[in-house]
Amino acid sequence: MPPEIPKAYEPQEIEKRWAQSWFEEKLFRADPKAAGPVFSIALPPPNVTGSIHIGHMLEHTQIDILVRWRRMNGYNTLWLPGMDHAGIAAQYVVERQLALQNITRQQLGREEFERRVWKWKEESGDTIKRQMIRLGASCDWTRERFTLDPPLYRAVLEAFLRLYREGMIYRARYMVNWCPRCQTAISDLEVQHNERNGKLWHIRYPIVGSDEFIVVATTRPETMLGDTAVAVHPDDERYKHLIGRKALLPLMDREIPIIADEFVDREFGTGAVKVTPAHDPNDFEMGKRHNLPQIDVMTNDAHMSDAAGKYVGLDRYVARKNIVADLQTLDLLERVAEHTHAVGVCARCNSEIEPRLSVQWFCKMKPLAESAARVVRDKLISVVPENWEKVYLDWMDRIYDWCISRQLWWGHRIPIWYCADCNAMTPARDSRVEIVEGRAQAASVPEKCCVCGSSKLTQETDVLDTWFSSGLWPFSTLGWPDETEDLRVYYPTSLLISGYDILFFWDARMIMMGLHLVDRAKIEERIPFHRLYLHSIVRDPHGMKMSKTRGNVVDPLELTEKHGTDALRFALAVMAAPGTDIALSEDHILSYRAFANKIWNAARFLFFNLEKIESLGVTLEDLAAPEIRAAAPYKNGGELELADRWIFSRMATVRDEISDAFETFRFHEAAHVIYHFFWGDFCDWYIEWVKPRLGVAERDAALATWRNLFSVFEAALRLLHPFMPFLTEELWHKLPQRVGAKSIALEQFPVARPDWRDADAERQMALLQEIIVASRNLRAEIKVDPKKKIAAEFAATEPAVRALVEANLDSVLHLATLSELKISSGRFDSSGGATRSTAQFDLRIAHSEPVDTKAEAIRLRKEIDRLAKDIEAKRTRLADDTFRSRAPEQVVRSLESTLAGRQAEHQKLQERLKQIESNSN
RNA sequence: AGGCCCGUAGCUCAGUUGGUUAGAGCGCUACCUUGACACGGUAGAGGUCUGGGGUUCGAGUCCCCACGGGCCUACCA
């Protein structure tokens, strides 16, 4: 069997095969009736705007690691996948495609446009699903959800109408962020602020009935057409005499009042500010305070409106240019200053946002935010990394109402109807709307106006902000508003893993919505998740944010094809230290591809050698004894070998370290631990250590050796499985299997075995390793042919040390490539060969060739120097009474014993140095 | 403007309550094609933790300041 296993691990075929099999077998289907504690997690639904990117990959890797780990620990595990319709984002993608054919959505009409987006959704959704399957995400695809599907629409209706009836949702004319390209309102969170170099125009407004001017400073001269006042600070001596008088608005020849308002900053600009209530949030507020008219001088697409006088029809930037030029001509432009300021742009399409008055739907946030803040403050939801908790709470404290309506075509249409006869909205706030399952949309269409009874009803054309439906995700996907079995069992979910960039958009809103809408008595049963882990952002190798425009995006599928999913997953895990962003380069992945290859080859070695023992009459089935699964050390008759005690002890430690790390999202730590255990402890030491034993003819001894070797290997595969699901699945199936065993993913994660911890074995092994390394080191130094077995001498004053070496002589000889090791008591006097000394032993290799004494002397001096400094520092510390009295005794003790060791070593090295110096003279 | 994070080996980064000689991967040097693995093995070089001050018996780890880099939130026209 072994020869056909390729020498290098080739993941491509293997991964595809298992990915397909897991999916088809519905291996990760959750059963609410299954035993065990519940671990449930909802996939942050990817937007149907294309395909999986590396950020998704990181997120899914982290989720998958924890999900697989919990599943293997016997949890009733659900990872529910799905996708988000991503209102504005998806609509924008399709609009861009249409633009390539010079078609606008208006030309297509709403119905046809929606059809196109659905088509796009199918494609994109399929791609994403295929990719996730290929990348090994162990989610339950039988429960896949999409935010626009009927059951979820039902949840949206229920949520909207409930909030509406409660007065939490209202309609109002208000200042919103308007994207002139998308032609919709967007929420404050969807506005990005970019620093830009702009100008500050100083414009003279003539005072009516005087030849005086008042000079205002503005970054947006085109909005002056809508000015309805000029404001100054009430205590500003420069302008006090003008308060209450009128200014003549240039270009429009409109008289506007000069008002006093504390909002005005005397230090900024000229201390006089033009007030445009329809085009600036501050001016809007000021306008309300002073009862100013609101003149909207722009259209939906940011051209000048009828109210803009002779500038009507001009694009806003053209209008700006013309207005500045006209002011110049009229000698009303006092000066132009350079000015950097933050310009709001649409997060989707990058167009400059126009603050604008319009009638929109809003959701009251204060009451929701209060309880959402409380559950975090009370630790009902724990936030990791912790510093995000503060960010979250700050935001909750300063929250204001959420504009939930969008003038888009792709999304959940707001379930409100307007009456053509009486203008009333149906349903009425106090009405009860019955929603019939399966016919949610149809059933909720009212037949007549709730006020006048007219049947001339038109539905609101606006749709809901996409985050409105996302906010219901953890419970809408489980069947809410019905108290389904899934909802009962899997809600609240155990954990949310999301990027910190959507903490406010999504995480916070799920908390608010869950608390408010899920009907359960106890608050801790209404929260959407118990823990919130915010993962880092993947950046390019230079730490830059990946973006399509920068051209530095990496395609996870491409990387996967090249190096294997497991390698990429492991690389992501290793770099996923909480709270730090990840700079991903291909080199990283290569390191872990090498690791996968290492595992593969360790397996090859084991399988390859099976032949040898088969000739002993030991069969695969013998190795399949329960010990393998329980991973218990196997004794051949009496005592366990030191190396066996050691590797099992290490494994017990490693298992616990990995578990602890997973509990606290320290993926990098868990990955490091298993990496070094497998490569360092298992491959470099354990396998090499037992190699000579493998040829032993005696059946029981051979069996013991092989069983232990396989036990450790098999357990290591299970430890590795959450990180590298494909490779471990493949190798695990090559091992002897219990009948009916389907997948390593359904096997048990190694259990805690404190009884395997063996401090003696670890200490002894460490000492033997030190001896072996010292020997190799000497050999390298005197340039002995690496393959040549040579004789060495060993001296130690401690009888126990000598006994230890004696007892493990064969292994030491083998690993140090020695023909013999003469053991004696006492210590060497640093002559007669190359010597290495430590506090506990001396090792000497006789050799006639003169060693490079100069290099050796340099090395020794350096080492002696370092030791001397260290000893000095420790002596001083120990001589300090305050230290002795204040530091814990344990610290003092260990310092003392370390000092003794250092001193012994120091002395030995000095003797060696003297020796060398006298020899060379 | 406020807040957050980062600055540790040539590079990319770890370093959980402060406590022995600060770690890893890549890269580098020397030797090794040894039947698991050159995506390998063995041995080695290389940081005093951005700078300054403080708290402490003891600080990469806590506090303050400075410098450098990044991010988020913000209604100063």
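Here is how names work: the chains are called A, B, and so on, in the same order as the sequence lines, proteins then strands, and each is numbered from 1. Since the model is a prediction, treat every value here as computed from it, not as a measurement.
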Under 4.0 angstrom, heavy atoms only, what part of the nucleic acid is [X] near: base, sugar-phosphate, or nothing?
{"X": "A:Pro355", "answer": "nothing"}
{"X": "A:Lys7", "answer": "sugar-phosphate"}
{"X": "A:Pro281", "answer": "nothing"}
{"X": "A:Asp870", "answer": "sugar-phosphate"}
{"X": "A:Lys691", "answer": "base"}
{"X": "A:Lys787", "answer": "sugar-phosphate"}
{"X": "A:Val275", "answer": "nothing"}
{"X": "A:Arg776", "answer": "sugar-phosphate"}
{"X": "A:Trp679", "answer": "sugar-phosphate"}
{"X": "A:Ser591", "answer": "sugar-phosphate"}
{"X": "A:His814", "answer": "nothing"}
{"X": "A:Val273", "answer": "base"}
{"X": "A:Phe263", "answer": "base"}
{"X": "A:Asp684", "answer": "sugar-phosphate"}

Of the candidate nucleotides [options], which contains the atom at the shortest distance from the side chain of [X]?
{"X": "A:Ala887", "options": "B:rA77, B:rG19, B:rC5", "answer": "B:rG19"}
{"X": "A:Ala594", "options": "B:rA77, B:rG15, B:rG40", "answer": "B:rG40"}
{"X": "A:Arg398", "options": "B:rG41, B:rU73, B:rC39", "answer": "B:rU73"}
{"X": "A:Tyr400", "options": "B:rC75, B:rA36, B:rA77", "answer": "B:rC75"}
{"X": "A:Ala780", "options": "B:rA43, B:rG40, B:rA77", "answer": "B:rA43"}
{"X": "A:Arg593", "options": "B:rC39, B:rA24, B:rA77", "answer": "B:rC39"}
{"X": "A:His339", "options": "B:rA74, B:rA77, B:rA36", "answer": "B:rA77"}
{"X": "A:Phe605", "options": "B:rC75, B:rA36, B:rC31", "answer": "B:rA36"}
{"X": "A:Phe504", "options": "B:rA43, B:rU73, B:rA77", "answer": "B:rU73"}
{"X": "A:Ala8", "options": "B:rA77, B:rC39, B:rA74", "answer": "B:rC39"}

Pairing partner (Watson-Crick or G-U wobble, both distances under 3.5 angstrom) of [N]:
{"N": "B:rU50", "answer": "B:rA66"}
{"N": "B:rA45", "answer": "none"}
{"N": "B:rC71", "answer": "B:rG3"}
{"N": "B:rG18", "answer": "none"}
{"N": "B:rU55", "answer": "none"}
{"N": "B:rU33", "answer": "none"}

Which value, in whole Å, describes the distance between the [atom1] atoms of nucleotides [N] and [M]?
{"N": "B:rC13", "M": "B:rA9", "atom1": "C1'", "answer": "11 Å"}
{"N": "B:rU20", "M": "B:rA38", "atom1": "P", "answer": "40 Å"}
{"N": "B:rC62", "M": "B:rG19", "atom1": "C1'", "answer": "14 Å"}
{"N": "B:rU56", "M": "B:rG51", "atom1": "P", "answer": "23 Å"}
{"N": "B:rG27", "M": "B:rA45", "atom1": "C1'", "answer": "12 Å"}
{"N": "B:rC32", "M": "B:rG70", "atom1": "P", "answer": "48 Å"}
{"N": "B:rG10", "M": "B:rC4", "atom1": "C1'", "answer": "30 Å"}
{"N": "B:rG23", "M": "B:rG44", "atom1": "P", "answer": "14 Å"}

Electrostatic pair [X]-[Y], nearest N-O below 4.0 angstrom:
{"X": "A:Lys869", "Y": "A:Glu872", "value": "no"}
{"X": "A:Glu770", "Y": "A:Arg836", "value": "no"}
{"X": "A:Arg866", "Y": "A:Glu863", "value": "yes"}

Check: A:Phe723 main-chain N/O paired with A:Arg569 side-chain donor or acceptor under 3.5 Å: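 Yes, because the side chain of A:Arg569 sits within donor-acceptor range (under 3.5 Å) of the backbone of A:Phe723.
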Has the side chain of A:Asp401 got a donor or acceptor atom that lies under 3.5 Å from a matching backbone atom of A:Met365?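 Yes; at least one donor-acceptor contact below 3.5 Å.
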Indicate, yes or no, whether a donor-acceptor pair under 3.5 Å links the base of B:rA36 to the side chain of A:Glu688.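 Indeed there is one.
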Donor-acceptor pair under 3.5 Å: do we get one between A:Lys598's side chain and the base of B:rC37?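 Such a pair exists between side chain and base.
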Aromatic ring proximity A:Phe268/A:His339, centre distance under 6.0 Å: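 Yes, the ring centres sit under 6.0 Å apart.
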Aromatic contact between A:Tyr533 and A:Phe662, with the criterion being ring centroids under 6.0 Å apart: yes or no?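 No, too far apart.
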Roughly how many Å is it from [atom1] in [X] to [atom2] in [N], rounded to a whole number?
{"X": "A:Glu770", "N": "B:rU42", "atom1": "CD", "atom2": "P", "answer": "17 Å"}
{"X": "A:Asp587", "N": "B:rG27", "atom1": "CG", "atom2": "C1'", "answer": "9 Å"}
{"X": "A:Glu386", "N": "B:rC5", "atom1": "CD", "atom2": "P", "answer": "11 Å"}

Below 4.5 Å, heavy atoms only, C-beta onward: do A:Asp566 and A:Tyr9 meet side chain to side chain?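 Side-chain contact under 4.5 Å: yes.
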Is the terminal nitrogen or CZ of A:Lys598 (NZ for Lys, CZ for Arg) located under 6.0 angstrom from the six-membered ring centre of A:Tyr675 and within 45° of that ring's axis?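 No.
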So, is A:Asn777 close to the B:rG44 phosphate, meaning a side-chain N or O under 4.0 Å from OP1 or OP2?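 Checking B:rG44 against A:Asn777, a side-chain N or O does come within under 4.0 Å of OP1 or OP2.
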